There are 2 protein chains.
Amino acid sequence: MKSSVIASSNPKYSREKLMEAATTLFANKGFAAVSIRELALAAGTNSGMISYYFGGKEGLYAEVLESQFKAFFCALVPILKNETDTMQKIKKFSQTLSSLHKEFPCIMRLYYSELTNPTACFETVVKKYIAAGAKMLENTIAQGISEGNIKKNLNPSYSALALAGMLNYYFIVQPVSDGILPDSPKRDEEYLEEVLQIYLNGVKAK
Amino acid sequence: MKSSVIASSNPKYSREKLMEAATTLFANKGFAAVSIRELALAAGTNSGMISYYFGGKEGLYAEVLESQFKAFFCALVPILKNETDTMQKIKKFSQTLSSLHKEFPCIMRLYYSELTNPTACFETVVKKYIAAGAKMLENTIAQGISEGNIKKNLNPSYSALALAGMLNYYFIVQPVSDGILPDSPKRDEEYLEEVLQIYLNGVKAK
DNA sequence: GTCTATATTGCGATAGAC
DNA sequence: GTCTATCGCAATATAGAC
């Protein structure tokens, strides 16, 4: 029984395998700390395939980022477009953002890596998605103000950023918060509930 | 006029010069993306000095982290130890944290780099400082609850994390928020004021 | 489409002159 | 305490067999 068909050299799948392996490796170690040998090994192929499919390590990284950010924001965008009232929108948005992190376990690390140690992709891919997401949330809050549900002395962009901060920071600080926060199995839900209580109570008019 | 005395080879200063150069380089590019040649060039010395003083690149990085975190937290700790009431403490803490970022422009990037792409230093230096800081803030909030100033159904560690998130996220997201937030010269102060308004209003009892 | 083998460059660390 | 020179190794990328 030779390694003829099912072996590591499974035609046409190297590309997908490389994308998968690269997503977790780049997310966990950062672009510079990952070698193409390591990527190829984790994908069950060889380093030549990275040049063949992506034109090199940078090309693979760029495609990982674009793919992750696109999928994440495509799942998030529809939330703020439905018909419920503003406070419900904010609540639903936060819940969705929170649950999406389980579906996209790598996106936060990829995002924060680009924030702290930007590569060329920061300008070409990260910025556009984040700016679009921020604008959406900002508009929702502005709408809440004009409807009289949210304090009118608040600045929508600052308030949007404050909410994003409470949610995003939680998911990146997990490696240190494991020794600090209650180790409840429903920790994510508990935190989300508490954040929403503080935030909604803090911004609501009257 | 030879380069005899004042030249790049200024005795006994290589160590300090390396520490300074390494702080900004590691903060901006991350540990793996910086070479010892680059460090030496920026410090006006040679790569041999890194092994001589720090035992290698990792040793230099470890000393940079320890030095930055120690100085930062030493400046922050006294704030929560004075006698004012809880709400004032939280306000003062936030203001100090905010202003310290101007004094320590590298600390956030070093911190977030370790959060997203941890090195050995995450366990040995970062974790202890962050855990201590988090505990302090948590205790302050717990005190506010027992005094009746803060809602008693809130969890002190979650609430502390929420505040830290609003503040810390703001400073790391700056590269993308430049195109989003109002470009007021007093942006930091405006954001801080708004965050405090939302947070204090959101957590206060009754 | 995949693999092995290799060319070339740059890395971190060190030895030894001054 | 500092510098130059260099060693050994691992990096990315590519050429060419299958």
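Quantities reported herein were computed from a predicted structural model and do not represent experimental measurements. Within every chain, numbering begins at 1; the chains are lettered A, B, ... in the order of the sequence lines, protein sequences first and strands thereafter.
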TODO: Could you check whether the rings of A:F73 and A:Y129 sit parallel, tilted or perpendicular, using 30° and 60° as the cut-offs?
DONE: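 The arrangement is parallel - the two ring planes meet at less than 30°.
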- [ ] Check the angle between the aromatic planes of A:Y112 and B:Y112 and answer parallel, tilted or perpendicular using the 30° and 60° thresholds.
- [x]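 Rings of A:Y112 and B:Y112: parallel, as their planes differ by under 30°.
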Whole angstrom value for the distance that separates [atom2] of [N] from [atom1] of [X]:
{"X": "B:F54", "N": "C:dT14", "atom1": "CZ", "atom2": "P", "value": "15 Å"}
{"X": "A:I50", "N": "D:dT14", "atom1": "CD1", "atom2": "P", "value": "13 Å"}
{"X": "A:L41", "N": "D:dA11", "atom1": "CG", "atom2": "C1'", "value": "16 Å"}
{"X": "B:M49", "N": "D:dC3", "atom1": "CE", "atom2": "P", "value": "7 Å"}
{"X": "B:Y13", "N": "D:dC3", "atom1": "OH", "atom2": "P", "value": "15 Å"}
{"X": "B:L39", "N": "C:dA13", "atom1": "CG", "atom2": "P", "value": "11 Å"}
{"X": "B:Y52", "N": "D:dT4", "atom1": "OH", "atom2": "P", "value": "17 Å"}

- [ ] Examine A:K57 relative to A:F31 and say whether NZ or CZ is less than 6.0 Å from the centre of the six-membered ring and inside a 45° cone about the ring axis.
- [x]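 Flagged: A:K57 positioned over aromatic ring of A:F31.
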Expected rows: protein N/O vs nucleotides 15-17 of chain C N/O, under 3.5 Å:
none

Task: Minimum side-chain heavy-atom gap B:H101-B:N168 below 4.5 Å - done: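 Touching, per the 4.5 Å side-chain cut-off.
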Open item on the list: Counting C-beta onward and ignoring hydrogens, is there a side-chain heavy-atom pair between B:R15 and B:E63 closer than 4.5 Å?
Closed with: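 Yes; the side chains approach each other to less than 4.5 Å.
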Task: Short N-O contact, B:K17 and B:E20, less than 4.0 angstrom - done: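 No, no charged N to carboxylate O under 4.0 Å.
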Open item on the list: One character per nucleotide, please: for nucleotides 6-12 of chain C, 5' to 3', B when the base has a protein heavy atom closer than 4.0 Å, S when only the sugar-phosphate does, - otherwise.
Closed with: -----BB
Side-chain donor-acceptor contacts of residues 180-188 of chain A below 3.5 Å, not counting sequence neighbours, with atom names and distances?
residue: A:S184; atom: OG; partner: A:K186; partner atom: N; Å: 2.9
residue: A:S184; atom: OG; partner: A:E190; partner atom: OE2; Å: 2.9
residue: A:R187; atom: NE; partner: A:P182; partner atom: O; Å: 3.0
residue: A:R187; atom: NH1; partner: A:D178; partner atom: OD1; Å: 3.2
residue: A:D188; atom: OD1; partner: A:Y170; partner atom: OH; Å: 2.7

Task: Closest nucleotide among C:dT2, D:dC3, C:dT14 to the B:N46 side chain - done: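 Given the options C:dT2, D:dC3, C:dT14, the side chain of B:N46 is closest to D:dC3.
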Task: Among C:dT2, C:dA13, D:dA13, the nucleotide that comes nearest once only the side chain of A:S14 is considered - done: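 So the side chain of A:S14 is nearest to C:dT2.
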Open item on the list: Quick check on C:dT2: is either OP1 or OP2 less than 4.0 Å from any side-chain nitrogen or oxygen of A:Y53?
Closed with: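 For C:dT2, OP1/OP2 do have a side-chain N/O of A:Y53 under 4.0 Å.
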Open item on the list: OP1 or OP2 of D:dC3 versus the side-chain N and O atoms of B:T45: is any pair under 4.0 Å?
Closed with: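 Result: yes.
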